[in-house]
Amino acid sequence: MNGVGRQGQRSSAAGVHHQRQYSDNFLETSSNGRWLQSAGLQHLQSSNSSGDYGFYGGGGGGPASRVYRNAQRGYNEFYAEAPSTPPYNSRRKSGEESPNEFSPGLLDLHSFDTELIPDMQVTGLYDGASLYYPSRGRSFDDSEPYISNKQTERARVPDNNLLKSFAADKEKASSVAKIKVVVRKRPLNKKELAKNEEDIIDTLSNSVTVHETKLKVDLTEYMEKHEFVFDAVLNEEVSNDEVYHETVEPIVPIIFQRTKATCFAYGQTGSGKTYTMKPLPLKASRDILRLMHHTYRSQGFQLFVSFFEIYGGKLFDLLNDRKKLCMREDGKQQVCIVGLQEYRVSDVETIKELIERGSATRSTGTTGANEESSRSHAILQLAIKRSVDGSESKPPRLVGKLSFIDLAGSERGADTTDNDKQTRMEGAEINKSLLALKECIRALDNDQGHIPFRGSKLTEVLRDSFVGDSRTVMISCISPSSGSCEHTLNTLRYADRVKSLSKGSNPKKDMLPSTLNLKEPTNLPLPSALPTASTFEVDTNDTWPVQVEKEEFDASEEPYYEAKTLWKRNGKLEQYNVSASEDKVRKPNGQTKLELPKFHSRNSNSDDDLNALLQEEEDLVSAHRKQVEDTMNIVKEEMNLLVEADQPGNQLDDYVTRLNTILSQKAAGILQLQTRLAHFQKRLKEHNVLVSSSGY
Ligand SMILES: Nc1ncnc2c1ncn2[C@@H]1O[C@H](COP(=O)(O)OP(=O)(O)OP(=O)(O)O)[C@@H](O)[C@H]1O
């Protein structure tokens with residue numbers, strides 16, 4: 001009844017509301033770095049914002065880290081010459097898909113991208129992409145080469161433009177909202193239609209209204225309206241392409257600007273999370289590869305894909321037969337996933353096959369039940385790395401990362417009262433992770449010094465996505481049916497809480513009547529108490545017990561040591577450096593079989609070695625720190641001694657003895673540290689030998 005009436009009134013607008021202006025808190029990231037990290041691990045590096053800013057700032061890295069930072073300077077300076085981002089170009093209308101073009105966000109980038117501009121077209125710098133892409137209008141096929149060599153060969157870069165454009169790039173990055181919350185409504189499905197369920201959701205511009213039927217005490221029905229405002233609301237007519245344009249596309253270019261971005265799909269089971277998320281990584285990869293081959297051509301960027309899931313608090317590699325993975329965190333809050341396979345990819349087809357393979361592995365799972373996928377979080381990561389000197393002879397370092405997360409069904413968190421113990425535990429874990437996720441996103445936007453990563457496995461794994469220069473897009477998927485009203489409201493309330501209390505939220509929201517979203521009852525859809533570090537179950541198998549308060553390292557810098565060992569590990573590294581054409585092996589029947597290049601997992605002995613090495617590194621840093629403290633105490637003592645020496649009547653014997661003691665102490669301290677350092681250097685060398693002789 002009501003739903004039918006409202007459907008008639010529903011806005012014909014596609015529901016894509018292009019909001020370009022979001023306030024945000026764009027920060028520059030300092031280039032702290034860490035020089036040792038475990039080889040053979042997929043690294044989810046912690047990053048920090050600048051020390052000025054205060055995210056775990058401070059001298060955690062100690063003097064040794066300073067040395068590393070200096071060593072990194074050259075790289076950073078080099079990096080600072082990345083091409084620019086142009087002013088915003090007019091966007092094509094929703095639904096106008098011409099996939100062979102750069103999508104609008106990318107067009108923006110290109111209109112400043114002199115590298116691609118043929119000499120005779122320089123005057124058309126701001127004329128839009130059509131100038132540079134003669135292939136515009138051709139239908140895009142994933143198997144089609146996405147770049148013509150001729151096009152790139154025409155390009156030349158005026159150096160001064162590179163420098164000029166860096167500022168523009170930064171400006172562009174800062175104009176991308178730090179957190180964006182989007183709602184997507186799916187159409188009624190056959191089952192719901194068969195049950196005569198109504199569409200109770202109205203969408204208009206960037207608001208969504210839920211019409212909830214309630215009963216009065218006299219059992220007459222009445223309608224309660226719940227209205228929410230978000231950054232964008234996408235209705236059931238909106239295509240996956242438009243979802244991409246609205247959510248991920250704007251953040252793709254800034255991944256090259258050392259940004260970590262995360263896109264989540266949140267919602268109840270069957271609300272369309274997978275439907276929404278599945279196409280996004282492929283579309284993003286396509287744009288990333290285009291950028292790599294056009295704008296950042298010959299700059300040594302490489303794209304890597306990994307795909308894993310968190311199920312029942314445990315990690316499984318979806319690209320390696322659901323092999324169980326182990327998450328480790330060292331004393332410096334570096335989170336690593338031991339054994340995760342990461343594939344270097346250079347063509348869309350390979351990525352597509354990987355995504356399909358991972359998705360198939362996920363949906364079949366261990367029990368083969370679809371049920372399972374709604375209880376797991378699937379995480380697909382696209383990592384952009386870059387060779388230090390632009391060549392492939394050196395190991396690549398992480399530049400930016402784009403994570404796509406298809407979260408477990410939000411209502412699964414409520415399974416905590418289920419009779420089955422396993423289900424209860426899974427429900428609790430899901431609950432915990434969704435709560436922790438919300439808190440982390442909010443902390444991120446509020447620039448809180450403390451981000452509650454430890455609330456769940458999910459947030460621990462995503463730690464590096466919440467620190468430093470990061471972007472988050474949350475897509476809340478909702479079902480339109482009256483039967484899902486309660487879940488839909490819960491989803492929208494969750495999304496509202498992620499967004500509404502954040503400092504950098506949509507300025508439009510502030511202009512709205514403050515009561516708009518506050519009409520909502522204040523009870524949380526999920527328990528409001530977030531597990532704290534002390535209540536969080538520490539799995540001693542998976543997590544290092546050491547807890548350090550300070551964030552010390554910058555995720556934008558892949559640790560030198562790791563890079564080195566990765567290189568050694570792979571290099572027998574033709575495998576690692578397989579080109580697109582080598583990725584495929586022709587089968588006798590002419591079909592193309594994918595032969596994927598692999599990062600081999602290391603065996604447990606290697607893991608032990610790595611852990612020991614990491615521990616030694618920590619011991620060395622601690623010893624160094626202690627030595628500095630001791631030296632400072634000794635210097636104080638020395639100064640006192642000098643003051644006393646100046647006093648009349650000072651005993652020379654006493655002065656000489658005490659000075660002797662002080663100098664001996666100093667020498668002993670230095671010697672001790674030197675010995676420890678030499679031992680550590682030896683161990684590093686041994687480790688390299690171990691890696692290179694281990695058959696990789
Ligand atoms: N926007 C949409 N347009 C058309 N069909 C959709 C849309 N969203 C979802 N569907 C369909 O609805 C069904 C459920 O969607 P989907 O599997 O993506 O839900 P989900 O939220 O991922 O569920 P789960 O949590 O159980 O994994 C699928 O058949 C999907 O094709």
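Whatever order the structure lists ligands and atoms in, that order sets their numbers, starting from 1. Since this is a predicted model, take the numbers as computed values, not measurements.
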Sub-4.0 Å heavy-atom contact, Ser271 with ligand 1: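 Right, Ser271 reaches ligand 1.
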Inter-residue atom distance Leu319.CG - Arg357.CZ, 0.5 Å rounding: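 It is 5.5 Å, given to the nearest 0.5 Å.
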Structural part of Glu236 in contact with ligand 1, heavy atom criterion under 4.0 angstrom: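 No part of Glu236 is near ligand 1 at this cut-off.
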Within-shell test, Arg184 vs ligand 1, heavy atom, strictly < 4.0 Å: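 Yes, Arg184 has a heavy atom closer than 4.0 Å to ligand 1.
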Lys/Arg cation over aromatic Tyr244: Arg286, 6.0 Å, 45° cone: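 No, Arg286 does not sit over the ring of Tyr244.
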Glu242 and Ser239: side chain donor to acceptor below 3.5 Å: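 Side-chain D/A pair, Glu242 to Ser239: present.
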Contacting atoms of ligand 1, where contact means under 4.0 angstrom from a heavy atom of Arg186: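 Going through ligand 1 atom by atom, the ones under 4.0 Å from Arg186 are 1 (N), 2 (C), 7 (C), 8 (N), 9 (C).
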Geometric class of the Tyr266/Tyr494 ring pair [parallel <30°, tilted 30-60°, perpendicular >60°]: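 It falls in the parallel class, under 30°.
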Leu407 N/O to ligand 1 N/O under 3.5 Å: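 N/O-N/O distance under 3.5 Å: no.
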Pairing residues for Lys190 by the side chain to side chain contact (heavy atoms under 4.5 Å, CB included) criterion, not counting sequence neighbours: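 Lys190 satisfies side chain to side chain contact (heavy atoms under 4.5 Å, CB included) with no residue once adjacent residues are dropped.
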Any N/O pair Lys273/ligand 1 closer than 3.5 Å: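 Yes - when backbone and side-chain N and O of Lys273 are compared with those of ligand 1, one distance drops under 3.5 Å.
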Minimum-distance pair of heavy atoms, taken over all atoms of Thr488 and Val210: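 Result for this residue pair: CG2-CG2, 4.3 Å.
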Tyr275, any N or O under 3.5 Å of ligand 1 N or O: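 Yes: some nitrogen or oxygen of Tyr275 is under 3.5 Å from one in ligand 1.
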Ligand 1 atoms in contact with Gln268 (distance to a heavy atom under 4.0 Å):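 Reading through ligand 1 atom by atom, the close ones are 21 (O).
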Partner residues of Ser479 under the side chain to side chain contact (heavy atoms under 4.5 Å, CB included) criterion, sequence neighbours left out: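 For Ser479 the side chain to side chain contact (heavy atoms under 4.5 Å, CB included) partners, ignoring immediate neighbours, are Arg186, Glu192, Gln268, Ser481, Ser484.
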Subset of ligand 1 atoms that lie under 4.0 Å from at least one heavy atom of Thr274: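 Checking each atom against Thr274, I get 18 (O), 20 (P), 22 (O), 27 (O).
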Location of contacts on Pro187 toward ligand 1, heavy atoms closer than 4.0 Å: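 Near ligand 1, Pro187 shows its side chain, while the N, CA, C and O stay back.
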